[in-house]
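Encoded as structure tokens, the structure appears first; notes follow it.
These numbers come from the heavy atoms of this one structure, side chains and all, not from hydrogens, waters or symmetry mates. Because the structure is predicted, anything quoted here is derived from the model rather than measured.
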Amino acid sequence: ITHDQKRKFLEFVKNDKHFSKYYDGIYILFFTGVRISEFCGITLSDIDLKAKTLNIDHQLVRTSQMKYIIETTKTDAGKRVLPLQDDVCECFKRIIENRKKLKTEPIIDGKIGFLYFDKNNKPMVAMHWEKYFQHAVEKYNRIYQDQLPKITPHVCRHTYCSNMAKAGMNPKVLQYLMGHSDIGVTLNTYTHLTLDDAKEEMEKLAKKQAKAGDEL
């Protein structure tokens, strides 16, 4: 989605009485690009606010038999440690401060300390977040004439990847951040770039070359 659509959606969620409690989680999805199953699997021990890092080495999945399981990341490349920006750290701080206090914390395959819980005190899974996104977009579109497109957790991931590509991030660094085993998957985000993006890149290059010429 566009920068403007992302801004409108985040502002709406932040200020909505019902959906605001999910704002920090949605913000993190938009600004880290993690897969939703990876996000659901995050535990307190994965977050290091002092070092400003997030460990991703597993994902939480609920099977069709309603069994909760921890799986390894989608690929070996999915195991990564992400550097966190200050605004994302603030989101994690608020989530930790506001997380539900349970008498007995659920333990799934040895993992404990999940961030979000449903009404049955089970860790939230992808389906929960997909529903929150769907309902938030529907509510927004009932209120405002300027409609939002379909927004899902995976749209957050793709938007993050596209934005980093547009910002000129080294493709190999972006591949690492996204946890892609094949750089071809990462490079496919560049297919969404437009003529305006190409012009902008050429202008940046011309400025760099002119600056280098001045310094000679």
Of all heavy-atom pairs between Gln5 and Leu148, which one has the smallest distance, and what is that distance?
-> O-CD2, 3.8 Å
Is the backbone of Gly41 close enough, under 3.5 Å, to the side chain of His58 for a donor and an acceptor to pair up by distance?
-> yes
Would you please say whether a donor-acceptor pair under 3.5 Å links the side chains of Gln134 and Glu130?
-> no
Applying salt bridge (Lys or Arg N to Asp or Glu O under 4.0 Å), run through Lys8 and Asp146 and close with a yes or a no.
-> CA-CA 10 Å; Lys8 284 176 179 175; Asp146 184 19; 2.4 Å; yes
Does a sphere of radius 6.0 Å around NZ in Lys100 hold more than 12 heavy atoms from other residues, nucleotides or ligands, not counting ones at 6.0 Å or beyond?
-> yes
Flag the pair Phe19 / Tyr23 as yes when their ring centroid distance falls below 6.0 Å, and as no otherwise.
-> no
Mind listing the closest non-hydrogen atom pair of Ile108 and Pro123 along with its distance?
-> CD1-CG, 3.6 Å
Ignoring hydrogens and geometry, is there a side-chain-to-backbone donor-acceptor pair from Glu97 to Arg94 under 3.5 Å?
-> no
Do you reckon Ile69 sits in the same ILVMFWY cluster as Met124, going by side-chain contacts under 4.5 Å, direct or chained?
-> no
Group every Ile, Leu, Val, Met, Phe, Trp and Tyr by side-chain heavy-atom contacts under 4.5 Å, then state whether Phe117 and Ile95 land in the same group.
-> no
Backbone N or O of Met178 within a donor-acceptor pair of the Arg157 side chain at under 3.5 Å?
-> yes
What heavy-atom pair brings Pro171 and Leu187 nearest, and what distance separates the two atoms?
-> CB-CD2, 3.9 Å
Leu84-Leu44 co-clustered via ILVMFWY side chain contacts under 4.5 Å = yes
Could you tell me whether a side-chain N or O of Gln59 sits under 3.5 Å from a main-chain N or O of Thr72, the two making a donor and an acceptor?
-> yes
Hey, are Asp86 and Lys52 close enough for a salt bridge, meaning a charged N less than 4.0 Å from a carboxylate O?
-> yes
Do the charged groups of Lys208 and Glu203 touch, with an N to O distance under 4.0 Å?
-> no
Between Ala136 and Phe9, which heavy-atom pair has the shortest distance, and what is it?
-> CB-CE1, 3.9 Å
Do the charged groups of Glu38 and Arg80 touch, with an N to O distance under 4.0 Å?
-> yes
Okay, side chain of Asn15, backbone of Glu11: is any donor-acceptor separation there less than 3.5 Å?
-> yes
Just by distance, do the side chain of Gln147 and the backbone of Tyr144 share a donor-acceptor pair under 3.5 Å?
-> yes
Would a hydrophobic clustering, with Ile, Leu, Val, Met, Phe, Trp and Tyr connected at side-chain separations under 4.5 Å, put Leu102 with Ile42?
-> no
Search all heavy atoms of Val34 against all heavy atoms of Leu54 and return the closest pair with its distance.
-> CG1-CD2, 4.5 Å
So CG of Asp109 and CD1 of Ile70: to nearest 0.5 Å the spacing works out to 6.0 Å
Do other residues, nucleotides or ligands put more than 12 heavy atoms under 6.0 Å from Lys17 NZ?
-> no
Indicate the atoms forming the closest heavy-atom contact of Ile28 with Thr32, along with that distance.
-> O-OG1, 2.7 Å
So does Lys139 have more than 12 non-hydrogen atoms from other groups sitting under 6.0 Å from NZ?
-> yes
What orientation do His154 and His158 show, parallel under 30°, tilted 30 to 60°, or perpendicular over 60°?
-> tilted
Taking atom CG of Asp76 as the centre, does the number of heavy atoms from other residues, nucleotides or ligands within less than 6.0 Å exceed 12?
-> no
For atom NZ of Lys14, decide whether the heavy atoms of other residues, nucleotides or ligands shown that lie under 6.0 angstrom number more than 12.
-> no
Are Phe133 and Tyr22 an aromatic pair by the rule of ring centers under 6.0 Å?
-> no
Whether Thr43 side chain and Phe114 backbone form a donor-acceptor pair below 3.5 Å = no
Sub-3.5 Å donor-acceptor pair from the side chain of Asp118 to the main-chain atoms of Lys122, do we have one?
-> yes
